Number of protein chains: 2
Amino acid sequence: MVSEIQNSKHYQCPVEATLEVIGGKWKPIILWQLRTEKLRFSGLQQSMQGISPKMLTKQLRELEEDGLILRQVYPEIPPKVEYSLTDFGKTMLPVLDALCKWGNEYLGRECALGKK
Amino acid sequence: MVSEIQNSKHYQCPVEATLEVIGGKWKPIILWQLRTEKLRFSGLQQSMQGISPKMLTKQLRELEEDGLILRQVYPEIPPKVEYSLTDFGKTMLPVLDALCKWGNEYLGRECALGKK
DNA sequence: CTGTATCCGTTGAGATACTG
DNA sequence: CAGTATCTCAACGGATACAG
């Protein structure tokens with residue numbers, strides 16, 4: 001998918017490419033939740049009030065294809081799957097941080113990633 | 001609109017609020033184009049290959065409502081309208097820059113806002 | 001020149017029920 | 001538990017024609 005973006009599209013500005021990867025309603029939140037800890041499917045679902053399993057699956061698959069998150073399947077009964085950020089995924093934490101900080105000024109609230 | 005966002009929604013993370021303002025297919029590009037110069041409606045349309053007037057109008061109105069851009073109407077015939085970033089709008093240039101830089105690494109290309 | 005109005009297809013996204 | 005499958009509605013977004 002990364003290669004598809006590189007090959008098939010041309011952008012006015014790389015911002016577009018970035019937003020194609022981390023944009024949308026749910027992806028930023030998923031990445032946000034994973035910034036500090038591994039989470040299971042059900043854990044993510046609880047963290048994100050209101051997302052349907054269909055949507056969550058879709059977003060997770062796309063993030064996985066783009067190499068931002070890792071999906072670890074434990075072959076147990078009942079099944080267990082853990083999601084975490086890859087090293088590549090971690091490279092965009094500063095970007096999320098920037099978005100977060102601007103949102104704070106905009107909303108006048110505090111940000112969990114906080115001071116650094 | 002800003003107040004609507006502040007009042008009616010609650011976010012898991014301020015990132016959501018930020019993306020609600022600068023997200024989408026066209027807004028980042030509009031802001032990008034306006035980062036260095038005032039532009040007229042037709043100028044923006046040319047800069048952004050393929051956008052329909054309807055879409056451009058809609059995005060511009062929303063950015064204006066959110067206080068990011070200024071719309072200056074010159075009461076002439078033929079009409080002339082110039083769009084520019086407000087001071088508030090300029091506060092998100094660093095954010096766009098962060099998105100841009102990550103896109104560059106991701107795409108391996110250069111960014112127009114450049115080194116700083 | 002700067003938009004509106006209309007039509008239309010595609011994608012996003014929620015609700016719900018169900019499966020291995 | 002971790003998803004799929006299906007249905008549904010709304011929002012996004014393109015094309016085009018037209019108006020002040």
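Nothing here was measured: the structure is a model prediction, and the numbers come from that model. A, B, ... follow the sequence lines: proteins, then strands. Residue 1 opens every chain.
Under a cut-off of 6.0 angstrom, the local environment of CD in B:E76 is crowded, with over 12 non-hydrogen atoms contributed by other residues, nucleotides or ligands.
Contacts classified as side-chain hydrogen bond (donor to acceptor under 3.5 Å, both in side chains) and involving residues 85-96 of chain A (residues at least two apart or in different chains) are given here: A:T91-B:W102.
Atom C1' of nucleotide C:dT16 and atom CD of A:Q45 are separated by 13 Å, given to the nearest angstrom. Here C:dG3 presents its P atom at 10 Å from CZ of B:R40, a figure rounded to the nearest Å. The distance from atom CD of A:Q49 to atom C1' of C:dA15 is 15 Å, rounded to the nearest whole Å. Atom-to-atom, CG of B:L60 to P of C:dC1 comes out at 16 Å; the value is rounded to the nearest Å. Computed from coordinates, the A:Q46 CD to D:dG3 P distance equals 14 Å when rounded to whole Å.
Close to C:dG3, at under 4.0 Å from its OP1 or OP2, lies a side-chain N or O of B:R71.
When the salt bridge (charged side-chain N to carboxylate O under 4.0 Å, His left out) test is applied to B:K38, the partners found at least two apart in sequence or on another chain are B:E82. Considering only residues two or more places apart in sequence or on other chains, B:K58 meets the salt bridge (charged side-chain N to carboxylate O under 4.0 Å, His left out) condition with B:E62.
B:T18 contributes no side-chain N or O that, together with a main-chain N or O of A:C100, makes up a donor-acceptor pair within less than 3.5 Å.
Of the residues in residues 74-83 of chain B, those placing a heavy atom less than 4.0 Å from an atom of DNA chain D are B:P79, in numerical order.
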With a cut-off of 3.5 Å and sequence neighbours excluded, list every side-chain donor-acceptor pair involving residues 40-47 of chain A.
| unit_1 | atom_1 | unit_2 | atom_2 | d |
| --- | --- | --- | --- | --- |
| A:S47 | OG | A:G43 | O | 2.7 |

Protein-nucleotides 4-14 of chain D N/O pairs under 3.5 Å:
| unit_1 | atom_1 | unit_2 | atom_2 | d |
| --- | --- | --- | --- | --- |
| D:dT4 | OP1 | A:R61 | NH2 | 3.3 |
| D:dC12 | OP2 | B:K58 | NZ | 3.2 |
| D:dG14 | OP1 | B:K25 | NZ | 2.6 |
| D:dG14 | OP2 | B:W26 | NE1 | 3.3 |
| D:dG14 | O6 | B:K54 | NZ | 2.0 |

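Among the candidates A:L56, A:L39, A:I22, the single residue satisfying the side-chain contact (heavy atoms from CB on, under 4.5 Å) test with A:I30 is A:L56.
Atom CG of B:L85 sits about 10.0 Å away from atom CG of B:L70, to the nearest 0.5 Å.
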